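Take a look at the structure below.
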Amino acid sequence: MNYWLLKSDPQEFSWTDLKNSKNQCTHWGGVRNYQARNLLREMKKNDLAFFYHSSTKPQTIEGIVKITAEAYPDPTQFDRNSDHYDPQSTTGDPRWVMVDIEITRDLTAPITRDELQNHPKLEKIILFKNSRLSVQPLKAAEWRMILAMRRI
DNA sequence: GCCAACGTTGGC
DNA sequence: GCCAACGTTGGC
């Protein structure tokens, strides 16, 4: 079992959008960064991830999702009309992938970036090293410490 | 709002 | 293959 943090700009796709999606499930893709792509490929079914709102104030962990489908080609890379269109990617050798996620639980309240930063033992998480990375792995211990910030 | 950091692109 | 230039993101 692996643990992750997935960043989403709520103006593009928010936790509320996910809640309102059919079966509270969605494709999670549009990633066009190799490091993030490689991490997506490492995801296993039933891995858990925090859903994190980026590019907003305050930035927050909104809830927990489960990986329901492992990496498969992201169709938007072949769609000329998509913002994520990549003319250099081919169906024979697709460059970008997505996974499927589904809500497993809400938090009692969102956890802000400030709260994470003030936690004495979370200074090593990737969020504070490379805050721009849109898919971030978390150690099991880190995951538990973050969860413990909300008694759920 | 500014600017540093990051990742990508392109000229050579 | 190097590195300058560029666009974007995010910390402050």
Side-chain angles (χ1 to χ4, degrees), chain A residues 2-21 26-44 47-67 69-101 103 105-150:
Chain A
N2 304 305
Y3 299 97
W4 309 92
L5 182 144
L6 295 174
K7 288 171 53 193
S8 186
D9 178 349
Q11 294 200 332
E12 305 266 336
F13 190 83
S14 71
W15 181 248
T16 305
D17 293 332
L18 182 53
K19 274 187 169 176
N20 293 335
S21 299
T26 193
H27 314 297
W28 202 88
V31 166
R32 296 295 181 267
N33 167 287
Y34 290 104
Q35 202 181 342
R37 189 273 315 265
N38 292 343
L39 290 165
L40 282 181
R41 283 180 173 165
E42 289 177 25
M43 287 184 174
K44 297 293 177 201
D47 280 358
L48 294 173
F50 289 123
F51 191 93
Y52 182 86
H53 278 176
S54 65
S55 303
T56 185
K57 276 191 177 177
Q59 298 181 36
T60 48
I61 291 174
E62 291 287 317
I64 299 170
V65 298
K66 179 172 68 177
I67 309 304
E70 295 176 12
Y72 59 93
D74 177 348
T76 63
Q77 67 196 302
F78 307 122
D79 178 2
R80 287 174 181 281
N81 296 318
S82 169
D83 287 345
H84 302 297
Y85 177 58
D86 181 351
Q88 298 190 71
S89 187
T90 61
T91 48
D93 183 22
R95 185 179 287 184
W96 308 111
V97 297
M98 52 172 52
V99 297
D100 289 353
I101 60 173
I103 291 183
R105 67 204 307 182
D106 247 317
L107 295 178
T108 50
I111 301 173
T112 65
R113 184 181 192 282
D114 284 350
E115 276 184 86
L116 295 171
Q117 210 161 19
N118 289 333
H119 189 290
K121 297 213 167 138
L122 290 175
E123 72 275 358
K124 295 246 177 75
I125 61 174
I126 291 181
L127 190 61
F128 302 129
K129 287 208 200 101
N130 182 0
S131 54
R132 303 178 62 156
L133 190 60
S134 55
V135 180
Q136 308 191 355
L138 286 169
K139 296 195 177 78
E142 295 166 343
W143 174 269
R144 283 195 301 271
M145 285 190 280
I146 296 172
L147 267 188
M149 296 171 78
R150 294 288 180 275

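From a predicted model like this one, the values you see are computed outputs, not experimental measurements. Each chain gets a letter, A, B and so on, in the order its sequence line appears, and its residues count up from 1.
When the ring pair (Phe, Tyr, Trp, His ring centres under 6.0 Å) test is applied to A/Tyr3, the partners found at least two apart in sequence or on another chain are A/Trp143.
Residue whose closest nucleotide on DNA chain B sits further toward the 5' end, between A/Lys57 and A/Lys129: A/Lys57.
Contacts classified as side chain to side chain donor-acceptor pair (under 3.5 Å) and involving residues 117-136 of chain A (residues at least two apart or in different chains) are given here: A/Arg113-A/Gln117.
Looking only at side-chain heavy atoms (C-beta outward), A/Leu122 and A/Glu142 come within less than 4.5 Å of each other. A/Trp96 places none of its side-chain heavy atoms less than 4.5 Å from the side chain of A/His84.
Within 4.0 Å (heavy atoms only), A/Lys7 reaches sugar-phosphate atoms of the nucleic acid but no base atom.
Distance check: A/Phe51 CZ to A/Ile61 CD1 gives 12.0 Å after rounding to the nearest 0.5 Å.
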Could you write out each protein N or O paired with an N or O of nucleotides 7-12 of chain B at a distance under 3.5 Å?
{"unit_1": "B/dG7", "atom_1": "OP1", "unit_2": "A/Gln35", "atom_2": "OE1", "d": "3.1"}
{"unit_1": "B/dG7", "atom_1": "OP1", "unit_2": "A/Asn130", "atom_2": "ND2", "d": "3.3"}

